[in-house]
Structure formats: C-alpha cells, structure tokens
Undergrad: 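Submitted below is the structure of interest, expressed as structure tokens.
Labels below follow one simple rule: chain letters A, B, ... track the order of the sequence lines, proteins then strands, and each chain is numbered from 1.
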Protein chains: 4
Amino acid sequence: MDRETRRAQILEAATAVFAEKGYHGARVDDIVARAQIAKGTFYLYFPDKRAIFGVLVDGFVERIHGVLEPVVLGDPSRPPVLQAQENVRRVVSLCLDDAPTAKILLSDAVGLDGAFDRRLLAFYDDLTALVEDGLRLGVDAGFVRPGDTRVRAFCLLGMVKELMYQLVLRRLEVPREDLVATVMSLVLDGLFTEEAQHLVSQRAR
Amino acid sequence: MDRETRRAQILEAATAVFAEKGYHGARVDDIVARAQIAKGTFYLYFPDKRAIFGVLVDGFVERIHGVLEPVVLGDPSRPPVLQAQENVRRVVSLCLDDAPTAKILLSDAVGLDGAFDRRLLAFYDDLTALVEDGLRLGVDAGFVRPGDTRVRAFCLLGMVKELMYQLVLRRLEVPREDLVATVMSLVLDGLFTEEAQHLVSQRAR
Amino acid sequence: MDRETRRAQILEAATAVFAEKGYHGARVDDIVARAQIAKGTFYLYFPDKRAIFGVLVDGFVERIHGVLEPVVLGDPSRPPVLQAQENVRRVVSLCLDDAPTAKILLSDAVGLDGAFDRRLLAFYDDLTALVEDGLRLGVDAGFVRPGDTRVRAFCLLGMVKELMYQLVLRRLEVPREDLVATVMSLVLDGLFTEEAQHLVSQRAR
Amino acid sequence: MDRETRRAQILEAATAVFAEKGYHGARVDDIVARAQIAKGTFYLYFPDKRAIFGVLVDGFVERIHGVLEPVVLGDPSRPPVLQAQENVRRVVSLCLDDAPTAKILLSDAVGLDGAFDRRLLAFYDDLTALVEDGLRLGVDAGFVRPGDTRVRAFCLLGMVKELMYQLVLRRLEVPREDLVATVMSLVLDGLFTEEAQHLVSQRAR
DNA sequence: CATGAATGAGCCTTCATTCAT
DNA sequence: CATGAATGAAGGCTCATTCAT
C-alpha cells in the first residue's frame, strides 16, 4: 500500500471518528482502530492528533475554495445572480456529499481553542471578502442596493452555514435545488410580497 | 455570603474562564482560582464541570427566550415587521451586552459532544419554531411570500447567529442600530434593487 | 501530614528508586509506589520526573558546598593541610552517610544529557575553583610546589570522586580515617620514598 | 561494500550520535540516518541498541588495555617511573585522539543501569589491578611508600579519569606533555615543597 | 543483503472528582 | 459550609524492534 493510500485511509477513519465523537471525544486509539493500523503508524503520517484534524479541516476548506468562483460582470450567458447561485449550489453539494467532514468544519472545529478559532475566522474572512467583492460589484453596477457590505456578507455566509449545520447535524434530507432556490429567493427578493414591501417601507422606516 | 451570591460568583468566574479558554481549555482549577474559592466548594454548588457549563448555556438560552415575543397580527401600533425587528434588536443587545456568554453559546458550546449538540439543536428548534410561526402568520396574512418556512427560518436564524459570532469573536464594534437596520433591510427587501429584481426574476427562474 | 514532610517522603522514595535503577530505569510509578502515594500526588510536589531528580542532585550539591570551607592561612591552631584534610573528611562522610544520593550524583546524573552535563560541570567548576584557590594560596606561601593549578585541582577532585564512586557503587567498606589518611599522604608526599624521589628526579626529568 | 566496512561505518555513526546526545538521547533513527543506511540494516549488524553501545565501549576499553603495559623492574633503559609515565601518556593520547568515544566511556556509559555499571566496574577493576601490581612492585623494591594499594590505585585512576572527563566534556585544550608532566609530578613528589613536607609530617600526623 | 513501513509496549503527565478535616 | 490535599483513570506520544518485499 503506497503512502498516499495509507494516508487517505487514516484520514478517512479520522473523519468518521471526529464526526461521530467530536475532537476531544475522539481518541487516537479510536482512529487507529477504525483504520486498522497500529498506534505508531498513525504518527508516521501525522505529527499529532491536532495535526490530522487540521488537515481534515484545511482540506475541506480548500475544497470549498475550489468550488467558489468570483462573480464577474459582462458575461451575458452567465448573469451575476446565476453565478452566485452556482456558487451556493456547489458549496451545498460539497457539504451534503461529505456530511461528516462538513460536520467537522461546522461543529467540531468550532470553539476548539483560540488558535483554531483564528484559523476558522481567517477562512471565513476569505469567504466574506469574496462575497463582499460580489456585493460591491453589484452595487457599482446598480443592481444591488447600497448598504453595509460587511454585515450583509456575514448574513449571507450565516444563512448558508446555518442551513448546512442544521442539515448535517440533524441528518435532514432536503432536495438541494429547493434549498438553493429558497435561499436565492430570500436573498434576491426578501421575505415580503411586493405589496407588503411598499407598505412596510412607508411605515417601518 | 449566602448561597445564591456564592453561586453567582462561581458562575461569573466560570463565564470568564470558559469564554477565554473554551470548554476543554478551562480547568476547574482556573474557575475556582478566579472565583477565589476552594476546589471542593465548587462541587458544593455544581455536580461537575459539565453541569456548570450547562447552567451557563441554559441561562443564556433562557434570557434569549425571555426577550423573544411571538409576532401577533392586528395591533396597528405594532406592525409585525416592527415586532420582528424588536426581537432582533433585543437578541442582538443581549449578545453584545454579554459577549463572553454569547461566545460560550455560539462557539464553545458547539461540537462539544453528541449530548450537548442535541441540547443546542433543541434550543435552535424552539427559535426556528418561533420564526416559522411568524412566517406562516405572514404568509397567511398575505405579506410574506409563500415558500419553505423551515429553510427560511434557518436562514434568518443563521444570519443573526453569524453576525453575533463574528462580532463577539472578533470583538468588532458595529452600531447596533445599523446592524439591525441592515439585517431588516436585507430580510425585507432582499439584496437587489427593484429594477434588478424584475430582470432577475425573468431570467434566473 | 504537612507539605514539607510529604515532600521529604517523596524525595526519600525517589532517592531510593533512582539509586537502584538509574534515572531512566526509574519510573514515576516506582517512586509513587515506594512513597505510597497516588501518581497525581507526585505532580503536586514536583513538576516532572526531571525536576525531582534535579532537586535531589542540587540538594546533595548544596550539602557538599555546606561542608567545604576555604582554606585560610595564619591560624596556627589549624594549619592549611589540616583544613584541607577536614574538608576531605567531611565530604567523604557526607557521601558515605548517604550512599544512595552520592551514587545518584556520581553515577546516575552523569551523561544524562547536555543540559544536565552542564549543571554537573558548573558544580565541579565551583569545587575546582575552591581547590585552585587553596593551591594558589599554598604556592604563594611557599609550601605548595608551583605548577598548573587547574590540572592539579582536577586531579585532586578526581581522586576523591573516584574513591567515592568506587566505594558507593561497590558498597565497599573502608574505614574513613584510613581513606582520608591515605589520600592526604598521597597528596602531600607523593607515591615515592624520599630516596626514590631523588633518583627519579635525576633521571625522569 | 563488505561486511566489515559497513559495520565500521555504522559504528562510526553511532559514536558521533552517542557522543552528541548520550545513550538515551540517541535514537536508532539518528544512527541510521547518520550512517545513511536503512533501519533494518542496523539490525543486521547489531542485535540491538544496547549491543552497539557495548561494542563501542568495549572497543575503547580494549584499546586502552592495548596501550597499557605492566611495569617491570630491572630494565635499566626503562625505569619503572618512565614506564608508568608512558602508560599515562598513551592513555591520554588515546582519549584526546578520540574524544567522542572517550566521552562515551567517561560520561554516557556511566549510570546506564546496574548491568552496565558492573561492566564498567569490571574494566576499572582491571585497571586498578594493573596499577596495584605496579604499586606493590614498587613497594617491594623500596621506592614506593607502603600504604593501601587499593585506595591509592583508585586515586591514580581517578586523577586520569577526571582529567580526561573534564578535557573531553569541556573541549579544553591542554598540551599533552604538560598534562602528563603535571600528573607525574603530583604523583611522584606530592603537592608540597620539601621543606613543607618536613613541617607537615611533624604536625599533621 | 538491504529496505523502511509497521508495530505496540511503555511511560509521562493531566485534571475532574472525592473526602477527611 | 469550606477547604485543598489526594486520587487514579485516561490518553497522547515515543521509539526500539520486526518482517514482508
């Protein structure tokens, strides 16, 4: 068995164990038992328990980065909204296709400690920056309302994160297209009917 | 010093320590040192470390429940949107006024283990149910667009959670009114300008 | 049992175990078993295995320093040679009265690692400096032959060290007075009879 | 590469590693890395880590034995003192010419464990016996003062050991001839000037 | 012979919890 | 009620040794 295969085998076992028991609940013994290797072998491939967890998280983070494409203007065959929607669709697919790892990112990696918090925040920084770029593009092009791009980016990020968190932890099954459509509709049009918007805009502000 | 005061003193110390170091990073020794009590005294007030953490989380959860009011129709002085906005405002205030405990709920309590995950999910179930009730009310009354209330409730929840998470962990300062206004605007009207909505609605769907 | 007593009890057990098995052969489990305490108790008194070993060695080193008195001139009731002899006698007594700890210093602490080697060398530096001071005093006063004080100090140190090493490791019994007398005689007069010294001095140099 | 060459190559690497890190600090991995061989190869040449260390120590011990010649009387061209001095000179040269191995014998091999301690003591037994033989010869021939030959042999051994230990561990440079001369002078004549000897001999004993 | 991936016994250390005072 | 010394189960990591290729 070559090195990469063995490494992948350990990573796979670790994913299952971390997803099932959380970071602290997972013992190295659990991982090696699941991977059917000796304890020492584990340490031939990863310097310590923390490291393999980091590899798992980083790997997933990279896969997310890999499916995200910055929205560009001017391509008539791919309007910006569609591009955004495709990004959402791909991220959702990524998470639902690998629910254990998604759970690790969205639940187990949260609040591990200060150092890991910073790693997560840096990742979400990247995502937020991407979203903010898109928003600014839209604002400049006139089809996105002006407003605080940072806060709105956090909101958009939070919507997707929460959806994935709930689905993955509850093992809910929702058709992906419905999910994406609902999210996009909420983001694009808001919650309210057009008539209500007019009424509300007169009263609430 | 009476029992309740002592108990509160320990809870306060625990809040600070958990917020600073996370659940596993916090040692009972840290808490008693901060509370200036003996180790044994801790166990006179709480059966174990897990329990005090639960009390902290539950307390915050109750405070959140305490500021949430179901939206009702038919009160002309308090239109539903305003009621919702007030709910958001109060939750945001609660979190930002007690950032350490908010961090505990939003970060440290996440992914602790299966049992605690269920506790969190149950709490979010309640919140989601509340939001869903509101949505359904709005749909029935004709001012909220029809659509998957569950998914949209998750989205709304996620927006607020992420905002609080980011602000609390990054120690960011954003005026609360701006925050709430931005969120409400996004929720009510969506991201897009009215013209764009018409264009998009023709093409993306 | 008060803290100092408990600490002493652990130190005593550690002395016996280290002396019997050497640093690496001694497990913390052995020490706590011998001290009849739980493993955790050990760590209430010493940060780690290395530390208690260091305390043992440092303690013995201090006791040695404690019995050494710099040789002074001009006291007719205590000629320099007698002062030196008393130093030797006291060091020998110290070692033979606490053979286990002497073995730890002379055997177990040797070659532990670079850091500990430096600690030992620093100690022997002090001893050598003391001896050198005495030698220089004697040279200046005209009763010690001129010569390399450093090298001669090492030699004198080595004589005592080796004697203690051999006696302690072999559990030999030699009357202390005989020991000291033989050493002093060797140091003072050399190995050779007076006639031989004259012959040798003509030929060997 | 023939077996002996390969074996020598491993021994050389082991010498460097043991001298640098001590017995326990040296990992078999370090040795094979330095020897540029595979881990398994190591075990084709030596049954275990302890064994190669033993080979190193034994080899050095044999080299020491090899340069030591029992002192004989009756050869007018080689007076006994000169023979002894030559022995010292050769041992000193051996150590200083191969400082790493000397450090292994004098520092790393000390206090390893009971079994190895006995091996060392056996070696020093041999040396002591040799010295004692010489002393007895001298006593019988009338040029060495009577006295405890065992203790005096330990002293002479200790002098040379300590000198080598200090020089090797501190990486000091002292001209070998000076070293040997100082040692011989100390042994032959003692520390004191002739006048002082007379005074002392009246008072100190 | 050589390789180096795999093994697993061993050991130090942590820390939540208990209980005698 | 309060104390804090004592407990000991638990788990991460190392590294000498083996063996299939």
Undergrad: Between D:Phe116 and D:Phe53, does the ring centre distance come in under 6.0 Å?
TA: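 Yes, the ring of D:Phe116 comes within the 6.0 Å limit of the ring of D:Phe53, centre to centre.
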Undergrad: Just to be sure I understand the rule, does D:Arg50 reach a base, reach only the sugar-phosphate, or reach nothing, if contact means heavy atoms closer than 4.0 Å?
TA: nothing
Undergrad: Taking only Watson-Crick and G-U wobble pairs with both distances under 3.5 Å, what dot-bracket line describes DNA chain F, where [ ] shows pairs that cross earlier ones and | shows pairs with another strand?
TA: .||||||||||||||||||||
Undergrad: Taking the nucleotide of DNA chain E with the nearest heavy atom to each, does B:His24 or B:Gly40 sit closer to the 5' end?
TA: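 Nearer the 5' end of the strand: B:His24.
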Undergrad: Which part of the nucleic acid, if any, lies within reach of B:Arg6 when heavy atoms closer than 4.0 Å are counted: base, sugar-phosphate only, or nothing?
TA: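 Here B:Arg6 touches the backbone only, sparing every base.
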Undergrad: Heavy atoms under 4.0 Å, any strand shown: does B:Ala51 hit a base, just sugar-phosphate, or nothing?
TA: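 Since no nucleic acid heavy atom lies under 4.0 Å of B:Ala51, the category is nothing.
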Undergrad: State which of F:dT7, F:dC13, F:dA16 makes the closest approach to the side chain of C:Ile37.
TA: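 In terms of side-chain proximity for C:Ile37, the closest of F:dT7, F:dC13, F:dA16 is F:dT7.
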Undergrad: Give a yes or no on whether a salt bridge exists between C:Lys49 and C:Asp30, defined as a side-chain N under 4.0 angstrom from a carboxylate O.
TA: no
Undergrad: For D:Phe42, report the nucleic acid contact type (base, sugar-phosphate, nothing); a contact means any heavy atom under 4.0 Å.
TA: nothing
Undergrad: Of the nucleotides E:dC1, F:dT14, F:dT7, which one has an atom closest to the side chain of C:Thr41?
TA: F:dT7
Undergrad: If you look at every strand shown and take non-hydrogen atoms under 4.0 Å, does A:Tyr45 touch a base, only sugar-phosphate, or nothing?
TA: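 Sugar-phosphate, backbone atoms only, no base.
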Undergrad: Give one of base, sugar-phosphate or nothing for B:Ala33, where a contact means two heavy atoms less than 4.0 Å apart.
TA: nothing
Undergrad: Answer with base, sugar-phosphate or nothing: what part of the nucleic acid does A:Lys39 contact at a heavy-atom distance below 4.0 Å?
TA: base
Undergrad: Of the options D:Asp113, D:Asp58, D:Asp125, which is the one that meets D:Arg119 in a salt bridge (Lys or Arg N to Asp or Glu O under 4.0 Å)?
TA: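 With D:Arg119 as partner, D:Asp113, D:Asp58, D:Asp125 yield a single salt bridge (Lys or Arg N to Asp or Glu O under 4.0 Å), made by D:Asp58.
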Undergrad: Drop me the distance from B:Ile64's CD1 to B:Asp126's CG, to the nearest 0.5 angstrom.
TA: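 Here the rounded value is 11.0 Å.
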